[in-house]
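Each residue takes its place number in the sequence, starting with 1.
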Amino acid sequence: MDENWRRDALQKIKHTAEGIAAALGASANLRIVSGYPFLHNDPPLTHALRTRAEHYMGSENVVDLPLRMSSEDFAFYSQVIPACFYRLGTGNASKGITAPVHTQTFDVDEDCLLYSTGLMAWLALGD
């Protein structure tokens, strides 16, 4: 979760592979694709938006999620400006709507739409 560390690690992988190949009388030609950067939620902005979300939806409806090793286009923005990425819960176990996104059985409990647009406007308007 650190782009400087990531750059260094990829360079070390390349250097190590080339060194091993050279020691064995060969050469190595590596193509390392960096892919997406990590998504950085700016702590002050995230705290402020979390507080606003709790006021809008109730603190019992706002949860922290663990760090994940996944990719997201929004991550590119978070490398340039302070950002906060949140996920709106769209499932509902009592209705049998439990499949994760990007699966053929994914569904949305449309009741979440009662909150989604209002929450986004509430967060955008600030104090």
* Taking everything shown except Asp2 itself, do over 12 heavy atoms lie less than 6.0 Å from its CG? -> yes
* Drop me the distance from Ile97's CD1 to Asp109's CG, to the nearest 0.5 angstrom. => 4.5 Å
* Got a sec, which pairs hit side-chain hydrogen bond (donor to acceptor under 3.5 Å, both in side chains) with one end in residues 80-91, sequence neighbours left out? -> none
* Distance (rounded to the nearest 0.5 Å) between Ile81 CD1 and Phe76 CZ -> 14.0 Å
* To do: Flag yes if Leu49 and Met57 sit in one hydrophobic cluster, no otherwise; membership is Ile, Leu, Val, Met, Phe, Trp, Tyr, and two members link when side-chain heavy atoms are under 4.5 Å apart.
  => yes
* Can you find a heavy atom in the side chain of Lys95 that is under 4.5 Å from one in the side chain of Asp111? -> yes
* Asked: Nearest 0.5 Å, what's the CG-CG distance between Leu39 and Asp73?
  -> 10.0 Å
* Inspect the surroundings of OH in Tyr115 and state if more than 12 heavy atoms from other residues, nucleotides or ligands are less than 6.0 Å away. => no
* Other ILVMFWY residues reachable from Leu65 by side-chain steps of under 4.5 Å -> Val63
* Asked: Going from CH2 on Trp122 to NE2 on His55, what distance comes out if it is rounded to the nearest 0.5 angstrom?
  -> 8.5 Å
* **Met69 and Phe38, any side-chain heavy atoms less than 4.5 Å apart** => no
* To do: Please report the closest heavy-atom contact between Cys84 and Leu45, naming both atoms and the distance.
  => N-CD2, 3.9 Å
* Asked: Taking atom CD of Gln11 and atom OG1 of Thr16, what is their separation to the nearest 0.5 Å?
  -> 9.5 Å
* From Asn41 atom CG to Phe85 atom CZ, the distance as rounded to the nearest 0.5 Å -> 8.5 Å
* **Smallest separation among heavy atoms of Leu88 and Cys112, with atom names** => CD2-O, 4.1 Å
